[in-house]
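Data first, discussion second: the structure below is written as structure tokens.
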Amino acid sequence: MDEVFKALADPSRRRLLDSLNARNGQTLRELCVGLDMARQSVSKHLAVLEAANLVTTVWQGREKLHYLNAVPINAIAERWMNQYDRRRAGALADLKTALEGQDMADDFVYTTYIRTTSEKLWQALTEPAFTTRYWGVELESDWKVGSTVTWKQFGVTIADPEQVVLESEPHRRLAYTWHTFTPEFGRSVGFGDEAVAQMAAEPRSRVTFEIEPLGEMVKLTIVHGGFEAGSAVREGISGGWPALISNLKTLLETGETLPAAEPAASAQ
């Protein structure tokens, strides 16, 4: 918490967050444009924001892209909202909303730190016994590149030859295409036919999990991308992933899921 508030106290760092809020996934060169700061100064500010977990980075080829990360803001909201009246809590919610707001064409990037091992986190991402507890979804696959991934949720089975594993490096990296949107799935989660048809018509997205061991903790970065502008799927998963990952983190660290947790983010 101290690192977060310290990072936000500097106006130059807030300008960098504003820039990422306006357009996520920028390189250092792009972030320097329009800022009256030397490249080295921008790099130092970004390092502070990364240390506070307000910014996370993803390599795309030779380019290092910077993304706004909402996890610390979620933590502030979770810690304080129950202790203040609704008006004060609303101010924190507005801050959270401002920092999470992104162009719907952006990749959704989320980073968190979990006190666990890479092996246990991999199990939690791939074994139905785990996924059903924090997600409410059974994922069936041998997790080899090219293999299909079958989704079972709310009594509905979603199988499609285009639901496949794209990358698989046990305990380090996993990527697969997102599920197909069927009428049966839509009815199971209360979506109207029009909404399901809109999601089904969009390009298939993909999700990537990057696992990095850090001593007694593991850094988990989720990148969900491949959306078109105004994507209905993008809007749905952006609200689902934070709740889902909070549930996953709680399960791995305490052995129990969050109280009254609902299946998060079929993530649509």
Side-chain angles (χ1 to χ4, degrees), residues 24-27 50 53 55-69 71 102 105-114 116-132 134-135 137-153 158-181 199 202-214 217-228 231 233-234 236-238 240-242 244-245 247-249 251-252 264-268:
N24 224 358
Q26 295 188 57
T27 63
E50 285 189 61
N53 202 23
V55 168
T56 190
T57 58
V58 175
W59 284 95
Q60 188 175 89
R62 296 184 177 181
E63 291 189 323
K64 185 180 183 182
L65 304 182
H66 300 78
Y67 290 87
L68 198 62
N69 184 38
V71 173
Q102 300 173 6
D106 287 344
D107 288 351
F108 180 83
V109 180
Y110 198 92
T111 298
T112 191
Y113 295 82
I114 305 174
T116 189
T117 64
S118 299
E119 291 77 12
K120 288 182 180 178
L121 180 52
W122 180 267
Q123 283 184 297
L125 294 174
T126 60
E127 295 186 6
F130 280 95
T131 59
T132 52
Y134 68 87
W135 196 342
V137 176
E138 291 184 51
L139 300 177
E140 294 184 353
S141 179
D142 62 12
W143 301 110
K144 297 178 181 179
V145 173
S147 295
T148 58
V149 181
T150 298
W151 294 62
K152 294 183 178 181
Q153 184 178 19
I158 308 173
D160 191 301
E162 294 186 6
Q163 291 174 186
V164 296
V165 179
L166 301 172
E167 300 179 59
S168 183
E169 184 181 348
H171 315 145
R172 290 294 181 270
R173 185 178 176 89
L174 177 67
Y176 50 83
T177 54
W178 206 235
H179 70 75
T180 300
F181 293 92
M199 293 179 182
E202 293 182 11
R204 187 179 295 273
S205 61
R206 60 174 281 169
V207 62
T208 302
F209 303 90
E210 297 181 359
I211 302 169
E212 181 183 349
L214 296 172
M217 297 187 301
V218 175
K219 178 182 178 182
L220 173 63
T221 300
I222 299 99
V223 181
H224 196 155
F227 305 105
E228 60 183 13
S231 167
V233 178
R234 169 64 169 76
I237 63 94
S238 66
W241 276 122
L244 190 157
I245 299 305
N247 218 14
L248 167 63
K249 175 180 170 70
L251 175 61
L252 288 173
S266 114
Q268 306 183 21

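Sequential numbering from 1 along the given sequence is applied to the chain's residues.
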Got a second to check how far [X]'s [atom1] is from [Y]'s [atom2], nearest 0.5 Å?
X	Y	atom1	atom2	result
His171	Leu121	NE2	CG	10.0 Å
Lys120	Leu251	NZ	CG	11.0 Å
Leu174	Leu125	CG	CG	6.5 Å
Ser238	Phe227	OG	CZ	8.5 Å
Phe130	Leu248	CZ	CG	9.5 Å
Leu166	Thr208	CG	OG1	7.5 Å

_Audit row: Glu162, Arg204, side-chain contact (heavy atoms from CB on, under 4.5 Å) steps and yes/no_ = CA-CA 9 Å; Glu162 294 186 6; Arg204 187 179 295 273; 3.5 Å; yes
Flag side-chain contact, heavy atom, 4.5 Å: [X] against [Y]:
X	Y	result
Thr112	Lys249	yes
Leu139	Thr150	no
Asn24	Val109	no
Thr27	Leu65	yes
Glu140	Lys152	yes
Ser205	His224	yes
Leu220	Phe209	yes
Ile222	Trp241	yes

*For Ile211 and Ser118, which heavy atoms make the closest approach, and how far apart are they?*
CG2-OG, 3.8 Å
_Looking at every heavy atom in both Asp107 and Gly226, which two are closest together, and how far apart are they?_
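Heavy atoms only, the tightest pair is OD1-N, 3.6 Å.
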*asked:* Is it the case that the ring center of Trp135 lies less than 6.0 angstrom away from the ring center of Trp151?
replied: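 Between Trp151 and Trp135, the centre distance is under 6.0 Å.
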Given 3.5 Å as the limit, does a donor-acceptor pair link the side chain of [X] with the main chain of [Y], or not?
X	Y	result
Ser141	Thr148	yes
His66	Gly25	no
Arg234	Glu228	no
Gln163	Ile158	yes
Tyr134	Ala124	yes
Thr126	Trp122	yes
Thr132	Pro128	yes

*Under the side-chain contact (heavy atoms from CB on, under 4.5 Å) criterion, do Trp143 and Tyr176 qualify, and how do the steps go?*
CA-CA 9 Å; Trp143 301 110; Tyr176 50 83; 3.7 Å; yes
*State which residue, out of Thr57, Asn69, Thr111, fulfils the side chain to side chain contact (heavy atoms under 4.5 Å, CB included) condition with Thr221.*
Thr111
*asked:* Angle between ring planes, Phe181 versus His179, binned at 30° and 60°: parallel, tilted or perpendicular?
replied: tilted
*asked:* side-chain contact (heavy atoms from CB on, under 4.5 Å), that's the test. Do Leu214 and Tyr113 meet it? Break it down for me.
replied: CA-CA 9 Å; Leu214 296 172; Tyr113 295 82; 3.5 Å; yes
*asked:* Counting neighbours of CD on Gln60 that are heavy atoms of other residues, nucleotides or ligands and sit closer than 6.0 Å, is the number greater than 12?
replied: no
*Kindly state each residue pair satisfying salt bridge (Lys or Arg N to Asp or Glu O under 4.0 Å) with at least one member in residues 165-176, sequence neighbours excluded.*
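As it turns out, the salt bridge (Lys or Arg N to Asp or Glu O under 4.0 Å) pairs with a partner in residues 165-176, which skip direct neighbours, are Glu167-Arg173, Glu167-Arg206, Arg173-Glu210.
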